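One structure is given here, and the rest of the page talks about it.
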Amino acid sequence: MKFLDELNDVQKEAATHIDGALLILAGAGSGKTKTITTRLAYLLSLGIDPANTLTLTFTNKAANEMRERALSLLEGQNIPHPPLLSTFHKFGLMFLKLYIHLINRDNNFVIIDSDDQRKIIKQISSDLPPNFISKEISKYKNSFLTPDEVYALATDSVYKNLAHIYEKYQNYLLENNLVDFDDLLLLTYKILNENDDLADEISDKYQYIMVDEYQDTNEIQLLLLKRLCKNHNNICVVGDDDQSIYGFRGANHKNILDFEKDFNAKVIKLEINYRSTNQILNAANNLISFNKNRYGKKLISARGDGKDIEILRNYNEIAEAEMIAKKIRDLINQGVDPKEIAVLYRINALSRSIEDGLRNYGIPYKLVGGMKFYEREEIKDLISYLRLLVNPHDDYSFKRVVNKPRRGIGKATIAKIEEAKGDKSFIEYIKENDLSIISKKAAKTLKDFVNTLELLSKMSLDELPENLEEIFELSKSYKDEDKARNIEEFYGMMRERSDLNIREFLNELSLETDQDKITMDMINVMTIHASKGLEFDHLFVIGMEEGFFPLNDADIEEERRLAYVAITRARKDLTLSYVESRYIHGKRSPVNKSRFLTEAGLIKGERVELKESSAIKTGSLVKHKVFGTGRVLGINKAGNKTKLKIDFGGSVREILSDFVEKV
DNA sequence: TGGACACTTCTTTTT
DNA sequence: GAAGTGTCCA
């Protein structure tokens with residue numbers, strides 16, 4: 001096999017491993033993708049039926065890239081059909097289409113995204129932050145807790161209330177045949193778990209399973225994988241425990257640390273780094289060695305020495321931005337390709353100053369992952385129209401679009417119908433009643449609206465854009481040119497996918513992200529999270545300050561991994577920057593340089609003394625001398641004082657954080 | 001009904 | 001500082 005010659009010995013060992021569980025611990029820049037795509041190509045070149053392989057990823061982009069690379073290695077060989085490479089969620093979607101009837105649900109379900117989820121939650125309850133609720137619900141679902149069980153476990157009124165909201169939320173999904181992102185995996189697992197014969201069938205079908213970015217898997221994904229490989233244990237996962245940075249989204253860093261034990265796996269470490277210079281890797285190695293929870297590996301550069309890492313210190317963020325803009329200008333003047341330059345930061349709020357700086361110097365840049373196409377208001381409106389056509393009972397979508405563009409249907413009218421309609425959906429009620437409770441004009445508008453929707457619902461995906469536009473003037477009604485253009489772009493996407501019906505189109509769409517669209521042609525400005533998997537010759541990381549990076553109250557080891565990811569994005573030239581004072585949240589505050597600079601060995605003789613955070617967060621249990629134990633409902637920072645809103649068994653008090661202890 | 005104004009909040013976000 | 005939410009009034 002000629003393509004094996006492209007690999008080093010360790011990579012080759014990994015790529016030619018055939019049977020049994022294997023963990024490929026792949027350090028940053030160690031040729032991870034090359035190794036697993038080669039392994040896939042290798043398996044297929046041995047005559048293994050592509051239909052017997054399954055490769056799971058987290059993004060469509062990764063799946064597509066890997067498919068292409070594997071197939072290009074096999075060029076000229078006769079592969080009967082392409083292998084299945086899919087995201088976990090898309091795999092769930094395909095599975096549920098075939099088998100959701102086994103839990104008595106119809107396969108014409110619609111997938112909701114996190115935004116929809118929050119909206120639904122908001123309709124159910126208004127007293128707790130929807131973000132907090134949706135996180136909690138996700139936690140419960142992923143721990144297989146039913147609302148009743150959550151209620152039974154609840155120790156205080158807040159959590160009893162949450163159990164209640166959870167129950168209503170689940171009922172809402174069932175009534176409207178909706179499926180959230182968690183469900184795509186959960187229900188898939190549930191069905192496989194309850195139907196042993198089916199699990200056998202599926203496990204026998206997918207005899208060779210591979211998983212990319214294993215450090216980002218959560219509990220359900222682990223359980224699901226166990227089901228999928230129950231009959232063969234042929235599972236090969238790739239990942240880097242040191243690059244696990246999605247804990248806040250439910251990724252369980254433990255999965256990769258325990259894989260060896262969980263699956264009785266062989267472990268192969270890829271430690272030769274083909275990306276960065278010694279200086280950069282030394283800093284990365286030094287820094288990450290401060291973490292306790294890790295497998296332990298050291299990156300060794302295949303590129304040798306390069307430039308020293310530069311540390312920038314500035315008076316404030318304006319000076320910082322100016323200094324970096326100047327440096328970037330110089331690089332470009334030296335002929336550096338702008339797409340080889342990137343600026344990273346921990347939090348989006350820092351993008352502003354650097355953007356200003358670049359703009360002042362007339363340097364074109366691209367903000368990666370800023371406002372997302374599918375999250376734009378006008379696109380969500382259009383999607384709501386499509387949903388309403390598929391499911392006339394979708395009251396959430398109905399309310400979203402009933403007055404877009406303006407038809408003179410306001411809050412009052414909606415509230416009246418809401419009260420009168422009982423269990424009926426808006427559209428049902430409007431069709432079946434004379435609407436005497438609202439004004440004649442509004443009644444006529446609504447009747448017309450509903451009739452029009454019914455008409456539109458009979459159309460195919462490629463007929464819709466024209467008709468929607470003619471009837472509702474969705475694009476035309478916007479004065480904002482960007483919005484109109486976005487709508488036209490979306491129309492274009494609908495026409496392109498005329499092979500699908502509306503429902504299929506919506507479900508495909510909900511699993512798509514802008515991540516898939518990242519193209520690199522200009523200077524890139526983005527969060528560290530967005531930079532994962534990318535690499536640049538010249539890299540700037542700004543905001544290296546305590547409180548920003550590491551962020552206050554965050555999991556320090558995950559912050560450190562994040563810094564590790566940031567550093568290892570750089571190929572030859574890394575610049576880390578901090579300031580003395582930063583303007584944030586409408587206020588200027590003095591800041592100290594990040595401990596990570598010291599830990600990386602970049603600033604000698606200094607040690608930032610800071611307690612490892614025993615951070616108090618919303619939801620934490622705390623103890624007070626007099627009031628006893630309570631749960632934190634909210635956190636309020638005023639100056640350098642932090643005030644906590646705490647529920648002490650029903651009575652809510654505001655207490656300064658210094659007066660309580662975390663329990 | 002919908003605009004104007006006050007008040008709150010502010011980490012990252014592969015699906 | 002900005003965006004999102006809530007409330008009031010023409």
Side-chain angles (χ1 to χ4, degrees), chain A residues 56-63 86-93 111-115 117-118 122 126 129-132 134-135 138 179-185 212-213 215-218 220-221 243-251 344-353 369-372 374-375 377 403 406-416 438-439 441-442 507-516 518 526-533 543 547-555 558-559 561-563 565-566 583-588 615 617-618 634-638 645:
Chain A
L56 294 168
T57 64
F58 281 86
T59 65
N60 295 305
K61 188 180 164 210
S86 143
T87 64
F88 274 96
H89 290 84
K90 209 171 223 167
F91 179 77
L93 170 63
I111 302 169
I112 57 165
D113 66 16
S114 356
D115 201 45
Q117 194 179 29
R118 274 196 300 274
K122 245 161 74 184
S126 55
N131 257 335
F132 169 66
S134 74
K135 257 194 189 156
S138 178
V179 162
D180 64 21
F181 287 146
D182 288 331
D183 287 339
L184 286 174
L185 305 177
D212 189 25
E213 307 279 19
Q215 76 280 356
D216 293 334
T217 51
N218 63 21
I220 294 297
Q221 284 157 340
Q243 292 189 68
S244 166
I245 55 172
Y246 283 101
F248 70 94
R249 282 181 88 258
L344 307 184
Y345 38 77
R346 168 74 244 256
I347 56 173
N348 279 315
L350 298 198
S351 77
R352 217 195 140 86
S353 62
M371 184 52 174
K372 311 219 164 78
Y374 300 112
E375 281 168 20
E377 198 195 345
N403 203 30
R406 298 255 147 82
R407 306 189 171 84
I409 306 294
K411 274 177 283 184
T413 308
I414 291 302
K416 274 185 207 152
I438 57 173
S439 77
K441 200 173 147 214
N507 281 343
E508 289 262 317
L509 202 67
S510 60
L511 297 182
E512 213 133 292
T513 59
D514 301 78
Q515 195 74 21
D516 310 338
I518 294 183
M526 66 186 112
T527 64
I528 298 167
H529 282 91
S531 77
K532 196 172 150 206
F548 289 103
F549 198 18
L551 209 54
N552 275 334
D553 302 346
D555 172 352
E558 182 145 326
E559 295 293 302
R561 291 193 290 269
L562 203 44
V565 168
Y583 192 75
I584 192 93
H585 298 333
K587 262 199 331 232
R588 177 163 296 287
K617 297 181 192 157
T618 308
I635 300 175
N636 217 333
K637 294 220 162 88
K645 196 187 242 180

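This is a predicted model, so every value here is computed, not measured. As a basis for the values below, the full set of heavy atoms in this structure was taken, side chains included, without hydrogen atoms, waters or symmetry mates.
Within the 3.5 Å criterion, the main-chain N or O of A/Gln243 finds no donor-acceptor partner in the side chain of A/Arg561. The backbone N or O of A/Ile112 sits nowhere less than 3.5 Å from a side-chain atom of A/Gln117 that would complete a donor-acceptor pair.
In this model, the phosphate group of B/dT13 is approached by a side-chain N or O of A/Asn348 to a distance below 4.0 Å at OP1 or OP2. Remark: A/Arg352 is in phosphate contact with C/dA2, judged by side-chain N or O atoms under 4.0 Å from OP1 or OP2. For B/dT13, the OP1/OP2 oxygens have a side-chain nitrogen or oxygen of A/Thr527 closer than 4.0 Å.
Counting non-hydrogen atoms under 4.0 angstrom, A/Leu551 reaches a base of the nucleic acid. When heavy atoms are screened at a 4.0 angstrom cut-off, A/Tyr583 is found touching the sugar-phosphate backbone but no base atom. Within the nucleic acid shown, A/Ser114 comes within 4.0 Å of at least one base atom, counting heavy atoms only.
Evaluation of A/His585 against the base of B/dC10 yields a stacking contact (centre distance < 5.5 Å, interplanar angle < 30°). Evaluation of A/Phe248 against the base of B/dT12 yields a stacking contact (centre distance < 5.5 Å, interplanar angle < 30°).
We find that CG of A/Asp216 is positioned 17 Å from P of B/dT12, with the value rounded to whole Å. The NE2-C1' distance, from A/His529 to B/dT12, rounds to 4 Å in whole Å. One interatomic measurement links the two molecules: CD1 of A/Ile584 to C1' of C/dA3, which rounds to 14 Å at whole-angstrom precision. Between A/Ile347 atom CD1 and B/dT13 atom P the separation is 11 Å, expressed in whole Å. Between A/His89 atom NE2 and B/dT13 atom P there is a gap of 17 Å when expressed in whole angstrom units. Residue A/Asp555 contributes atom CG, which lies 17 Å from atom P of B/dT13 at whole-angstrom precision. Atom NZ in A/Lys587 sits roughly 12 Å away from atom C1' in B/dT9 (whole-Å rounding). In this entry the distance linking CD of A/Gln243 with P of B/dT12 reads 20 Å, nearest Å.
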query: After noting the C-alpha distance and the side-chain angles of A/Asp113 and A/Arg118, does the key distance pass the salt bridge (charged side-chain N to carboxylate O under 4.0 Å, His left out) rule?
result: CA-CA 9 Å; A/Asp113 66 16; A/Arg118 274 196 300 274; over 6 Å; no
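Among the nucleotides C/dG1, B/dT11, B/dT14, the one closest to any side-chain atom of A/Arg249 is B/dT14.
Centroid-to-centroid, the aromatic rings of A/Phe248 and A/His529 come within less than 6.0 Å.
Partners of A/Asp183 by side-chain contact (heavy atoms from CB on, under 4.5 Å), not counting sequence neighbours, listed by chain and number: A/Lys141, A/Leu173, A/Val179, A/Asp180, A/Leu186, A/Leu187.
Heavy-atom nearest nucleotides on DNA chain B were determined for A/Gly586 and for A/Asn403, and the one closer to the 5' end corresponds to A/Asn403.
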